[in-house]
**Q** 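Please read through the structure below; I'll follow up with questions.
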Amino acid sequence: MAVGVEAQLVHSSELEKYAKENYGKKWKDAAKNLSMELSLDKDGSLTYVQVIPCPGKTKEQLYILLSYWFTKTFCSSKEVIQLSEKEAGVIIGKGFVEDVAYHEGGVNMYRVHLIPVIKVDIKDEKVRVTYTISTYEVDIHSGAGIVGELVDAPIGFVSTRWAIDDCFPFTPFDKHPKTSAKAFVMANAYSNVIMDRIEEAVRGEVMRNDDNW
């Protein structure tokens, strides 16, 4: 299920293409279908766990491979490595995907971003990947929506977070269900992309060089 993007960054445009190809172009329908297969954890977060077999590779070898991948991938001010402990066999990174969904039809404009946390636990011959999104980060540009511009509404800005269990498809009371639906679908798409990238990393593909140097 790999998507054709560079290891260092997942752009929302490529992610959207991947989501449409795999889940369909109707965001609300796609979100409903995905919600039948998934449930929020006890904290109201989206959490995915996958164990990847790595036969023949030691804990130390896997740590080096994954450290290299995390360093290449989480290298901006908003995509950072939060913890890297060789002895414990744990690496934690915080990702960032800008503008996965937006709404501009009303008085305000809403821009939705993903801030996933990716934790990798490493043992001999296997790694466990835990991917978690607890909230959507939302920039609200008051007065910048289509209606707001028409009525010359006051302009303002605030950054906030939407709890996922307060958003569609997990509640019928969401005021922006299509926007939340797209954010949910994109979050799922990103989880698949990250899992594929980590599988590539532990196979050593991101570090494959010519030995005759």
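Computed from a predicted model, the values in this text were never measured in an experiment.
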**Q** Please answer: with hydrophobic residues joined when any side-chain heavy atoms are less than 4.5 Å apart, are Val129 and Leu38 in the same cluster?
**A** yes

**Q** Are Ser159 and Asp139 linked by a side-chain donor-acceptor pair shorter than 3.5 Å?
**A** yes

**Q** Would you give the length of the straight line joining atom CG of Asn188 to atom CG of Asn33, rounded to the nearest 0.5 angstrom?
**A** 11.5 Å

**Q** Considering only heavy atoms from C-beta outward, does the side chain of Trp27 approach that of Lys20 to under 4.5 Å?
**A** yes

**Q** What I'd like to find out is whether the side chain of Ile64 reaches to under 4.5 Å of the side chain of Ser67, using heavy atoms alone.
**A** no

**Q** Atom OH of residue position Tyr23 - does it have more than 12 heavy atoms of other residues, nucleotides or ligands inside 6.0 Å?
**A** yes

**Q** Got a second to check how far Gln50's CD is from Ile194's CD1, nearest 0.5 Å?
**A** 12.0 Å

**Q** Hey, any chance Tyr190 and Met195 share a hydrophobic cluster, counting ILVMFWY side chains that come within less than 4.5 Å of each other, even indirectly?
**A** yes

**Q** By the salt bridge (charged side-chain N to carboxylate O under 4.0 Å, His left out) test, which pairs, at least two apart or in different chains, include something from residues 118-138?
**A** Lys119-Asp121, Asp121-Arg128, Glu137-Arg161

**Q** Do Ile118 and Phe70 make a side-chain contact, defined as non-hydrogen atoms from C-beta onward lying under 4.5 Å apart?
**A** yes

**Q** Go through the structure and list residues passing side-chain contact (heavy atoms from CB on, under 4.5 Å) with Glu21, not counting sequence neighbours.
**A** Lys17

**Q** With a 4.5 Å heavy-atom cut-off, do Tyr68 and Tyr63 have their side chains touching?
**A** no

**Q** Is there a side chain to side chain contact (heavy atoms under 4.5 Å, CB included) between His113 and Asp99 once you walk through the steps?
**A** CA-CA 5 Å; His113 318 298; Asp99 291 334; 3.2 Å; yes

**Q** For His141, which residues count as a side-chain hydrogen bond (donor to acceptor under 3.5 Å, both in side chains) partner, sequence neighbours excluded?
**A** none

**Q** Identify the two heavy atoms, one from Leu65 and one from Ala201, that lie closest to each other, and give their separation to 0.1 Å.
**A** CB-O, 3.6 Å

**Q** Kindly say whether Val100 contributes a backbone atom to a donor-acceptor pair with the side chain of Ser12 at under 3.5 angstrom?
**A** no

**Q** Return the set of residues passing side-chain hydrogen bond (donor to acceptor under 3.5 Å, both in side chains) with Asp174 (not counting sequence neighbours), or none when no residue passes.
**A** Ser180

**Q** Could you tell me which residues satisfy salt bridge (charged side-chain N to carboxylate O under 4.0 Å, His left out) with Glu98, sequence neighbours excluded, listed by chain and number?
**A** Arg111

**Q** Flag yes if Val97 and Leu34 sit in one hydrophobic cluster, no otherwise; membership is Ile, Leu, Val, Met, Phe, Trp, Tyr, and two members link when side-chain heavy atoms are under 4.5 Å apart.
**A** yes

**Q** Does Lys59 reach the main-chain N or O of Glu87 with its side chain, forming a donor-acceptor pair under 3.5 Å?
**A** yes

**Q** When you compare the side chain of Phe184 with that of Leu46, does any pair of heavy atoms fall below 4.5 Å?
**A** yes

**Q** To the nearest 0.5 Å, how far apart are NZ in Lys57 and CG in Leu62?
**A** 7.0 Å

**Q** Run the side chain to side chain contact (heavy atoms under 4.5 Å, CB included) test on Ile122 and Ile91 for me, step by step, so that the C-alpha distance in whole Å, both residues' side-chain angles and the decisive distance to 0.1 Å come before the verdict.
**A** CA-CA 8 Å; Ile122 307 165; Ile91 304 174; 4.2 Å; yes

**Q** Would you check if Leu114 and Ile133 make a side-chain contact, meaning some heavy-atom pair closer than 4.5 Å?
**A** yes

**Q** Of all heavy-atom pairs between Val107 and Ala153, which one has the smallest distance, and what is that distance?
**A** CG1-CB, 4.0 Å

**Q** So Thr130 and Thr132, side chain to side chain contact (heavy atoms under 4.5 Å, CB included) or not? Walk me through it.
**A** CA-CA 7 Å; Thr130 304; Thr132 303; 4.0 Å; yes

**Q** In chain order, what residues pass the salt bridge (charged side-chain N to carboxylate O under 4.0 Å, His left out) check against Lys178, with sequence neighbours excluded?
**A** none

**Q** Identify, with sequence neighbours excluded, every residue that meets side-chain contact (heavy atoms from CB on, under 4.5 Å) alongside Ser13.
**A** His11

**Q** Got a sec, which residues hit salt bridge (charged side-chain N to carboxylate O under 4.0 Å, His left out) with Lys94, two or more places apart in sequence or on another chain?
**A** none

**Q** I want to check something: taking the side chain as every heavy atom from C-beta on, are Ser191 and Pro116 in contact at a cut-off of under 4.5 Å?
**A** no

**Q** Please assess Leu66 against Val202 for the test side chain to side chain contact (heavy atoms under 4.5 Å, CB included), listing each intermediate value before the final yes or no.
**A** CA-CA 7 Å; Leu66 288 167; Val202 297; 3.8 Å; yes

**Q** Kindly write out the residues that satisfy salt bridge (charged side-chain N to carboxylate O under 4.0 Å, His left out) with Lys32, not counting sequence neighbours, or none if the list is empty.
**A** none

**Q** Measure the spacing between OG of Ser142 and CZ of Phe157 and express it to the nearest 0.5 Å.
**A** 10.0 Å

**Q** Do the ring planes of Trp69 and Phe74 sit parallel (below 30°), tilted (30 to 60°) or perpendicular (above 60°)?
**A** perpendicular

**Q** Test of understanding: with side-chain contact (heavy atoms from CB on, under 4.5 Å), list the residues that count as partners of Asp41, not counting sequence neighbours.
**A** Asp43, Ser45, Thr47

**Q** Is Gln82 atom CD crowded by more than 12 heavy atoms from other residues, nucleotides or ligands, each under 6.0 Å away?
**A** yes

**Q** Determine the minimum heavy-atom distance between Pro53 and Val51, stating which atoms define it.
**A** CD-O, 3.6 Å

**Q** With sequence neighbours left out, write down each residue that passes side-chain contact (heavy atoms from CB on, under 4.5 Å) with Val138, or none if nothing qualifies.
**A** Tyr110, Val112, Tyr136, Ile140, Thr160, Trp162

**Q** Output the distance between atom OG1 (Thr171) and atom CD1 (Ile164), rounded to the nearest 0.5 Å.
**A** 13.5 Å

**Q** Going hydrophobic residue to hydrophobic residue with side-chain gaps under 4.5 angstrom, can you get from Val117 over to Val90?
**A** yes

**Q** Would you please name every residue forming a ring pair (Phe, Tyr, Trp, His ring centres under 6.0 Å) with Tyr48, sequence neighbours left out?
**A** Tyr131

**Q** Side chains of Met186 and Glu16: does their closest heavy-atom pair fall under 4.5 Å?
**A** yes

**Q** Between Glu200 and Arg203, does a salt bridge (Lys or Arg N to Asp or Glu O under 4.0 Å) hold up when you go through it step by step?
**A** CA-CA 5 Å; Glu200 291 174 4; Arg203 288 198 299 266; 5.0 Å; no

